Structures are given as C-alpha cells and as structure tokens.
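Small disclaimer: the values here were computed from a predicted structure and weren't measured.
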Amino acid sequence: MTKSVHNIHMPTPTLPCPFCGDTRPAEVEEIVMKFDPPNLFVASCQCCGAQGPSATTRGAALILWDQRGAPGSANEFCKLADKLAGAST
C-alpha cells in the first residue's frame, strides 16, 4: 500500500481544537491511497497538529473533527482521571 498526502485548506468554520483551543479552522488533508481506494480525509489543527478521525469525504472529516469534544476537554479529562485515581488509593 502506497500513500501520499495532499494538504487542502478548508475555510469552513470548525470548533476550536479540543487539545490546544486554537480557533482557526481545521485543515483537511487528503490521503491518496494508490493501491487501496478509497482516499481518506483527516482534519487537523493548524496549531498543534492534532488529528481527528479519518473519513471518506472532506465534509465528513470536518463533522468528525467537531464531534471530538469541547476545547480543553482533554485537559479536563486528565484532571478528572487524576482525581479519581487519588480517590481509589
């Protein structure tokens, strides 16, 4: 399987990055599968590079990006996990 990546900037408004909170629209990259179609699309943060799940269309990649969580939710999850770990000891 050979693949190449093409950057495609999509100016479609998206939710902020759930990891760093960057408010710029997510970029969508097309991953071209030369021997194993279909091509895949992945939305990613322009600041920290976090990526959302892959999808078979640009629009679906953006929808999946927006469904990942609110800005800072990963940090809040870590705080909650630490708190719960302390409670079980």
Point to revise | Heavy-atom donor-acceptor pair, Trp65 side chain to Leu15 backbone, under 3.5 Å | key: yes

Checking [X] now: which residues fulfil side chain to side chain contact (heavy atoms under 4.5 Å, CB included) with it, not counting sequence neighbours?
{"X": "Thr57", "answer": "Ala60"}
{"X": "Leu64", "answer": "Pro53, Ala55, Gln67"}
{"X": "Thr56", "answer": "Pro38, Leu40"}
{"X": "Ser44", "answer": "Glu27, Glu29, Gln51"}

Is there a side-chain contact between [X] and [Y] in this structure, where contact means two heavy atoms from C-beta onward sitting under 4.5 Å apart?
{"X": "Val42", "Y": "Ile31", "answer": "yes"}
{"X": "Cys47", "Y": "Cys17", "answer": "no"}
{"X": "Glu30", "Y": "Val28", "answer": "no"}

Revision key, fill the gap. Here the gap from Cys45 atom SG to Phe19 atom CZ, rounded to the nearest 0.5 Å, amounts to 9.5 Å

Study note, to complete from the structure: Residue pairs meeting salt bridge (Lys or Arg N to Asp or Glu O under 4.0 Å), one or both in residues 14-24, sequence neighbours left out, come to Asp22-Arg24

Review point. Quick one: salt bridge (Lys or Arg N to Asp or Glu O under 4.0 Å) pairs with a partner in residues 37-46, sequence neighbours left out?
Key: none

